[in-house]
Amino acid sequence: MLHQVPRIDITQCSPDQLVALLAEHSCVLLENHGVDVNLREAMLNSWDEFFALPRSEKEQVEWPGDGPWYGWQPVSEKGPKGDLMERFELRLDVDKRLSDNQNWGDTFTKWPVAPVDFRQNWEKMYFRMREFAGFVMGKIAAGLGRDDWDADNWTDNQFSNLVATHYYAQPANPNRGQWRAHPHTDIGALTLLWGDSAPGGLEVAINGGKDWVPVQIPEDCWLLQAGDLLNLWSGNTIPANPHRVANPPREQAIHARRSIIFFHYPDPSVLITPPNGDQSKAVLTADHIQFRQDEDMVKANAV
Ligand SMILES: O=C(O)CCC(=O)C(=O)O
Ligand SMILES: [Fe+2]
């Protein structure tokens, strides 16, 4: 029997139900999320214009190459096994937060000058998704019974990235072992994902990693995926969700694919400890992020 990713109404489900679904499947489709579909559409419109810019313009907003990712990243150029995509990533640092969100956006140094409505759309979505991720995290903490949690560090002070991904059309065959996105688990606590239905799409492993299933994310849902840090913090109750983005079949390889992803982490200063308090398993969020980014670079250059 083909297993499907479960779907729930995030406003109605109980914390226990949410945790039980994540424990079993490591990902779940969320409906009734309250994130304006028009906002997502507006972001996708600026997505088209931004990725079509000449390289010299995208280079103006490129990630400088050290520290946590942000800005434009031509991921496929990392190495012979670099994922076949480019992405743009917005990250606002909590220690630079000013009195209001509007001014906070001024601290981001990689806003593209075109398209003109880019910043406006991205900021709106970023702030909305921060709220939403904080809400979801609250339910998960309650479902896990982690009364000891420092809520601010996982909600208001969360460290998050909003990402738009452009998976290229593939006029030529990819290298052996090269994917749109190689099989992986996400680095952080929660991932909220929306992707279009172009061929060569998302596949997730559910049921303890036994079944890889293609996932079409319905127009009215976001896919919630558990990442490494949630896995650690839950003491393995919630597995991290393995997933990948497949290459399109050759006859459909003229199609690019678009996705929008919100990656949520606690504040980088948070020491993640399992519920039993076992300090030998504790991981500093900032170290984990750096370690996993470095690992990604090694994978892109593996022979
Ligand atoms: O674009 C997608 O559907 C998934 C991308 C992904 O897994 C990632 O960037 O971590
Ligand atoms: Fe991922």
Side-chain angles (χ1 to χ4, degrees), residues 5 22 25-30 40 43-44 47-48 50-51 63 68-79 81-91 125-126 129 133 159-170 174 178-206 209 212-219 221-231 238-248 252 255-265 288-289 291-300:
V5 175
L22 287 173
H25 302 282
S26 70
C27 63
V28 55
L29 287 162
L30 304 184
R40 195 184 68 217
M43 260 190 87
L44 289 172
W47 182 105
D48 288 331
F50 172 75
F51 287 117
W63 178 57
W69 293 319
Y70 62 100
W72 178 61
Q73 299 152 51
V75 177
S76 57
E77 295 170 19
K78 277 188 187 174
K81 296 220 176 110
D83 289 341
L84 291 163
M85 55 125 128
E86 58 180 335
R87 63 178 173 233
F88 185 87
E89 183 156 345
L90 169 62
R91 189 191 92 220
M125 185 64 114
Y126 186 70
M129 293 306 275
F159 170 90
S160 309
N161 310 318
L162 178 61
V163 177
T165 311
H166 169 205
Y167 298 95
Y168 306 114
Q170 299 182 350
Q178 204 175 19
W179 294 77
R180 277 189 159 169
H182 65 275
H184 66 282
T185 54
D186 287 341
I187 305 176
L190 306 181
T191 301
L192 292 158
L193 169 71
W194 183 85
D196 72 16
S197 55
L202 178 74
E203 298 176 348
V204 304
I206 56 175
W212 282 95
V213 294
V215 183
Q216 292 276 347
I217 301 174
E219 279 296 309
C221 288
W222 286 80
L223 181 69
L224 169 66
Q225 296 168 288
D228 294 349
L229 292 179
L230 183 57
N231 170 245
I238 298 177
N241 176 239
H243 56 284
R244 61 193 183 195
V245 181
N247 295 322
Q252 292 176 309
H255 298 284
R257 176 174 183 269
R258 314 184 294 179
S259 66
I260 298 176
I261 317 169
F262 186 79
F263 294 106
H264 157 277
Y265 309 71
H288 174 76
I289 293 171
F291 174 80
R292 291 282 266 99
Q293 280 193 197
D294 293 347
E295 206 178 50
D296 222 56
M297 186 57 111
V298 172
K299 279 189 192 155

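Start at 1 and go down the list; that is how both ligands and their atoms are numbered. None of these values were measured; they are calculated from a predicted model.
- Under a 4.0 Å criterion applied to the non-hydrogen atoms of Phe263, ligand 1 contributes the atoms 8 (C), 9 (O), 10 (O).
- For His243 atom NE2 and His184 atom NE2, the angle they make at the Fe ion (ligand 2) is roughly 90°, to 10 degrees.
- The minimum distance between the Fe ion (ligand 2) and any N, O or S atom of Asp186 involves atom OD1.
- Atom OG in Ser76 sits 11.0 Å away from atom CZ in Arg87 (nearest 0.5 Å).
- Every atom of ligand 1 with a heavy atom of Ile261 under 4.0 Å away is listed here by number and element: 5 (C), 8 (C), 9 (O).
- Looking at Thr191 against ligand 1, nothing comes within 4.0 Å, counting heavy atoms.
- Of the charged side-chain nitrogens involved, at least one lies within less than 4.0 Å of a carboxylate oxygen, so that Arg40 and Glu219 count as a salt-bridged pair.
- Applying the 4.0 Å criterion to heavy atoms of Arg257 picks out, from ligand 1, the atoms 1 (O), 2 (C), 3 (O).
- To the nearest 0.5 Å, atom CH2 of residue Trp194 and atom CG of residue Leu202 are 12.5 Å apart.
- Ligand 1 places these atoms under 4.0 Å from at least one heavy atom of Tyr167: 1 (O), 2 (C), 4 (C), 5 (C).
- Using cut-offs of 30° and 60° on the angle between ring planes, the pair Tyr168 and His166 is perpendicular.
- For the side chain to side chain contact (heavy atoms under 4.5 Å, CB included) criterion with Phe263, the lone passing option out of Val163, Ile187, Leu162, Leu190 is Val163.
- The part of Ser259 lying near ligand 1 is the side chain, judged by heavy-atom distances below 4.0 Å.
- If you run side chain to side chain donor-acceptor pair (under 3.5 Å) between Asn161 and each of His264, Arg91, Glu89, only Glu89 comes through.
- When non-hydrogen atoms are compared, ligand 1 lies under 4.0 Å from neither the backbone nor the side chain of Arg87.
- At a heavy-atom distance under 4.0 Å, no atom of Arg244 approaches ligand 1.
- Put simply, the residue from Asp186, Leu229, Thr185 that forms a side chain to side chain contact (heavy atoms under 4.5 Å, CB included) with Arg292 is Thr185.
- Under 4.0 angstrom from ligand 1, there are no non-hydrogen atoms of Thr165.
- Between Ile260 atom CD1 and Trp47 atom CH2 the span is 9.5 Å, to the nearest 0.5 Å.
- Within the 4.0 Å heavy-atom shell around ligand 1 one does not find Gln225.
- Counting heavy atoms closer than 4.0 Å to ligand 1, residue Leu193 contributes side-chain atoms (C-beta onward) but none from N, CA, C or O.
- No donor-acceptor distance shorter than 3.5 angstrom exists from the side chain of Tyr167 to the backbone of Ala246, with no hydrogens or angles considered.
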